[in-house]
Number of protein chains: 2
Amino acid sequence: MSVSDGRSILEEGAPAHDFFVLTNGRVKLFTLLPDGRRQITAFAEEGYFLGLAAVKTYSFSAEALGDVHLCRFPHASMQRLVERFPNLEHRLREEASRELSLMQARMTLLGRKTARERLATFLVERGKLLTQKGNTGFQEINLPMPRTDIADYLGLTIETISRVFSAFKKDGLIKIQGVTHVKVLHPEKMLMISEGLE
Amino acid sequence: MSVSDGRSILEEGAPAHDFFVLTNGRVKLFTLLPDGRRQITAFAEEGYFLGLAAVKTYSFSAEALGDVHLCRFPHASMQRLVERFPNLEHRLREEASRELSLMQARMTLLGRKTARERLATFLVERGKLLTQKGNTGFQEINLPMPRTDIADYLGLTIETISRVFSAFKKDGLIKIQGVTHVKVLHPEKMLMISEGLE
DNA sequence: CGAGAGGTTGATACCACTCAACGGCAGTGG
DNA sequence: CCACTGCCGTTGAGTGGTATCAACCTCTCG
């Protein structure tokens, strides 16, 4: 199944018929308030399990960030798969557990961290993704999402994001190499800031 | 297993050996920042599964809110149980999914709602708990936790909690009958406020 | 070259935080 | 029985961090 940039994959409140695995590209998950305020709850990458949190209806919306490929599994066929491969159930639970841990950290970010700490946390998080994938250092960071999305992910506004980036730059902590590319010059210090140790 | 008021049940970062089921009483789950800032991620009631999010180490701490009884299942024994009752694995995943949905709503609260909306959401949430248990209406609400805990749950300070309660009272929306007991006079309106529709 | 979207920067406003004083209540000891 | 003490919650005054509103910049695309 293919979805092109900006198109919706699933919608909050709709009956949860399917389960998805992201095979290629990126997706943002979010919930909306009636007046349009948005909270992005996750950026999903390749391999992400979409629709784990599904109870009867989806509890969030998902939208392609760039072009995306995914595998769709209707719940009925999932049930068949689970019967044939009992281990799958365990795998799904494992994935849900991992997700729960991440969410707890994000709740602390949203409830208790300052703008500076939030953005630092975001950069550190993205840096880890890169090291996992075997890139050289810890510091070349890609930001494939627009500022609006970063803001809605961190519970801030685009202006605040922009200002904090500028402040980091002024402090010699980062180098901005185009809107989507940032180099973290002092990863250890960035980590300190992200934990509120300045 | 019994734990008395205020005592720790498990600690963030400790190796996750056990899984718990809350059989009696209440528990607060939370994470801490190095400087002591705290985010309460959940108040757990009877029947709650504690330690679902466990990966290798616990990703949160848990503390008794009042005296508490729980069943402890070492992971090894859980594994045996899962083998004997294959359905249990499914049940665990279900519980994790439910938890994920709740957390998404809470992220929206922490990232995007005002103090007024947060407290209204909290009251509505607690009101639902009561109706589920078959109490008369929708409005008699019990607050077994101190203001400090409510504040750390909603990402606010105790002073703000106190002020918003006072404002609700002045607006004739609630009646405060002692620190731990609140009567919601206009549940529908409280619901509106909680969703930002004033 | 013009238009529009996305991002940055500046000025100002406002909501929630901080700091401080006060009040009520429970537990303690005289 | 009553002061004393400490904890918890409320209320007030002032501050500050982030939002809001607005102008400007930069890049892309037609």
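From a predicted model like this one, the values you see are computed outputs, not experimental measurements. Proteins get letters first, then strands, A, B, ... in listed order; numbering begins at 1 in each.
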Any donor-acceptor pair under 3.5 Å from A/Asp152 side chain to A/Gln39 backbone: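 Absent.
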Any A/Thr157 side-chain N or O less than 4.0 Å from OP1/OP2 of D/dA19: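 So the side chain of A/Thr157 is within the cut-off, an N or O lying under 4.0 Å from OP1 or OP2 of D/dA19.
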Presence of B/Thr148 side-chain N/O under 4.0 Å of D/dC8 phosphate oxygens OP1/OP2: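 Answer no for this pair, as no side-chain N or O of B/Thr148 is under 4.0 Å from OP1 or OP2.
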Given DNA chain C, 5'-ward residue of the pair A/Arg112 and A/Lys169, judged by closest heavy atom: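 By nearest-heavy-atom nucleotide position, the 5'-most residue is A/Lys169.
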A/Phe19 and A/Phe49 aromatic ring geometry - parallel, tilted or perpendicular at 30°/60° bounds: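 If you compare the ring of A/Phe49 with that of A/Phe19, the planes turn out perpendicular.
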Rounded distance (Å) that lies between atom P of C/dC15 and atom CZ of B/Arg116: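 Rounded to the whole Å, the gap is 12 Å.
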Salt bridge check: are [X] and [Y] linked by an N-O gap of less than 4.0 Å?
| X | Y | result |
| --- | --- | --- |
| B/Glu125 | B/Lys128 | no |
| B/Arg91 | B/Glu95 | yes |
| A/Arg26 | A/Asp149 | no |

Residues A/Gln104 and B/Thr31: side-chain donor-acceptor under 3.5 angstrom: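 Note: A/Gln104 and B/Thr31 side chains miss the donor-acceptor criterion.
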Sugar-phosphate, base or nothing in reach of B/Gly178, heavy atoms under 4.0 Å: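 The residue B/Gly178 makes no contact with any strand.
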Sugar-phosphate, base or nothing in reach of A/Leu156, heavy atoms under 4.0 Å: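 Sugar-phosphate, backbone atoms only, no base.
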Side chain of A/Thr160 - closest among D/dT10, D/dT18, C/dT8: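 So the side chain of A/Thr160 is nearest to D/dT18.
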Letter per nucleotide, 5' to 3', of nucleotides 22-30 of chain D [B base touched, S only sugar-phosphate touched, - untouched; heavy atoms, 4.0 Å]: ---------
Polar pair under 3.5 Å, donor/acceptor by atom type, side chain B/Arg163, base D/dG12: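 It does, because a donor-acceptor pair links the side chain of B/Arg163 to the base of D/dG12 below 3.5 Å.
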